[in-house]
Amino acid sequence: MIDKKTIRKEMLAKRNTMDRESVSELSRRICENIRSLSEYQSSEIILSYYPKGNEMDTRPLFTDAKRFYLPRVDKKEMEFFRYLGEDSLATGAFGIKEPKSDEAVPYINAAVPKEAGCPGSILMIMPGLSFDIYGGRAGYGAGFYDRYLAEHKDDNIIKVAAAFSFQVIDDRLLCDEYDIKPDILVTENSIIQIHDSF
């Protein structure tokens, strides 16, 4: 078992050594792998994040014919609002760009039959500093995504973790019981389906 505090520091330092050209090229390849997912192709609503520093750059996806929503943080709460272009963003919590739009996500409750005209499934692209091949995730330590997903566990959200291949480790991360696993882990080299039996 690998302690998340240890791996966070190690992966952040490693990621910070990347040059912009490498970040851009590897991010482009990860975005292509995400586009190849049937789950992405069938989802009309994408919950993404806006990259900071050398994070995997999700922006190549923003031109796709989807409705993108980005997180906005208020104290310890995180909600997603519609991305309407670069001019619609403002610098928010932690120096990350956030949408100024107040158009919230039209959530889909899996227990309620979908009516005509309702959007299809929701897919979330999750950030993180490290992942293991069993679905363990070391985020940035604030717990925003775990709390958000726990609150929306009935809203039919497909969770796709995006990472550079060096961020994925073979050993298990030491996770807490409230940590929520992604359904799929995508790097520039691979697509890993996460199974509950792991």
Side-chain angles (χ1 to χ4, degrees), residues 1-8 11-12 34 37 39-40 42-52 55-56 58 61 66-83 92-94 96-99 101-114 118-163 167-169 172-186 191-198:
M1 291 280 191
I2 305 293
D3 178 67
K4 288 199 287 187
K5 287 184 179 178
T6 302
I7 203 72
R8 279 190 191 108
M11 289 297 177
L12 188 58
I34 291 173
L37 298 172
E39 294 87 349
Y40 179 82
S42 63
S43 296
E44 298 173 33
I45 293 172
I46 309 297
L47 310 184
S48 186
Y49 62 89
Y50 198 94
K52 182 182 179 185
E55 250 184 335
M56 196 297 275
T58 56
L61 297 172
K66 309 281 185 184
R67 282 191 278 170
F68 282 85
Y69 293 76
L70 302 178
R72 194 161 72 208
V73 172
D74 179 21
K75 296 178 182 177
K76 291 189 176 182
E77 299 301 316
M78 179 178 75
E79 285 295 339
F80 285 78
F81 295 92
R82 184 83 179 267
Y83 170 75
F94 310 107
I96 300 170
K97 288 188 177 182
E98 299 178 339
S101 164
D102 286 326
E103 184 180 336
V105 179
Y107 293 106
I108 306 156
N109 191 306
V112 179
K114 195 172 85 169
C118 288
S121 61
I122 298 174
L123 183 141
M124 171 187 279
I125 301 171
M126 302 172 73
L129 283 167
S130 186
F131 301 88
D132 65 32
I133 59 173
Y134 310 99
R137 171 180 172 270
Y140 293 88
F144 286 112
Y145 281 83
D146 292 316
R147 287 195 300 275
Y148 176 87
L149 287 166
E151 289 172 12
H152 294 279
K153 64 180 184 294
D154 295 324
D155 288 317
N156 198 28
I157 298 174
I158 300 162
K159 302 170 294 297
V160 175
Q167 294 176 276
V168 181
I169 62 173
R172 282 184 185 268
L173 287 166
L174 185 59
C175 295
D176 298 306
E177 61 181 21
Y178 54 78
D179 288 340
I180 296 179
K181 293 181 178 182
D183 301 302
I184 305 170
L185 174 56
V186 179
I191 296 172
I192 301 169
Q193 299 282 341
I194 305 300
H195 302 287
D196 288 338
S197 58
F198 286 171

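Note that the numbering runs from 1 along the sequence shown for the chain.
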**Prompt:** For Y148, which residues count as a ring-ring contact (aromatic ring centres under 6.0 Å, His included) partner, sequence neighbours excluded?
**Reply:** F80, H152
**Asked** Of all residues at least two apart in sequence or in a different chain, which pass the side-chain contact (heavy atoms from CB on, under 4.5 Å) check with A142?
**Response** F144
**Request:** Just jot down the salt bridge (charged side-chain N to carboxylate O under 4.0 Å, His left out) partners of R72, sequence neighbours excluded, or say none.
**Result:** D102
**Message:** Less than 4.5 Å apart, side chain to side chain, heavy atoms only: is that true for I133 and V168?
**Reply:** yes
**Item:** Gap between atom CE of M124 and atom CD1 of I45 - 0.5 Å precision
**Value:** 12.0 Å
**Item:** Point-to-point distance, once rounded to the nearest 0.5 Å, from CD1 of I194 to OH of Y134
**Value:** 10.5 Å
**Message:** Could you work out, with side-chain contact (heavy atoms from CB on, under 4.5 Å) as the rule, every residue matching S101, not counting sequence neighbours?
**Reply:** R82, L84, E103
**Partner residues of E98 under the side chain to side chain donor-acceptor pair (under 3.5 Å) criterion, sequence neighbours left out** = none
**Request:** Verify side chain to side chain contact (heavy atoms under 4.5 Å, CB included) between M56 and Y49, making sure each step is shown before the conclusion.
**Result:** CA-CA 10 Å; M56 196 297 275; Y49 62 89; 3.5 Å; yes
**Fill in**
Shortest non-hydrogen pair, A161 vs F131, comes out as CB-CE2, 3.4 Å
**Asked** Considering residues at least two apart in sequence or located in another chain, which fulfil the salt bridge (charged side-chain N to carboxylate O under 4.0 Å, His left out) criterion with K159?
**Response** D183
**Message:** Testing the basics here: between L123 and S43, what is the closest heavy-atom pair and its distance to 0.1 Å?
**Reply:** CB-OG, 3.6 Å
**Item:** Atom pair CD/CG of E79 and D74 - distance to nearest 0.5 Å
**Value:** 10.0 Å
**Message:** Among residues at least two apart in sequence or on other chains, which ones pass ring-ring contact (aromatic ring centres under 6.0 Å, His included) with Y69?
**Reply:** none
**Asked** CD1/I158 to CD1/I184 distance, rounded to the nearest 0.5 angstrom?
**Response** 7.0 Å
**Prompt:** So do L61 and S48 actually touch side chain to side chain, heavy atoms under 4.5 Å?
**Reply:** no
**Request:** Test L149 against M126 for side chain to side chain contact (heavy atoms under 4.5 Å, CB included), laying out the working first.
**Result:** CA-CA 11 Å; L149 287 166; M126 302 172 73; 4.0 Å; yes
**Fill in**
Heavy-atom closest pair (A138 atom, I7 atom, distance to 0.1 Å) is CB-CG2, 3.9 Å
**Message:** Applying side chain to side chain donor-acceptor pair (under 3.5 Å), can you list everything that pairs with Y83, at least two apart in sequence or on another chain?
**Reply:** E86
**Asked** What's the spacing between E39 CD and I191 CD1 if we round to 0.5 Å?
**Response** 9.0 Å
**Prompt:** Considering only heavy atoms from C-beta outward, does the side chain of Y40 approach that of V160 to under 4.5 Å?
**Reply:** no
**Fill in**
Value for CD1 (I125) from CD1 (I34), rounded to nearest 0.5 Å, stands at 4.5 Å
**Item:** Validation row: Y140, L129 side chains within 4.5 angstrom (heavy atoms)
**Value:** yes
**Asked** side chain to side chain donor-acceptor pair (under 3.5 Å) with E151: which residues, sequence neighbours excluded?
**Response** none
**Item:** M11 side chain near I169 side chain, heavy-atom distance below 4.5 Å
**Value:** yes
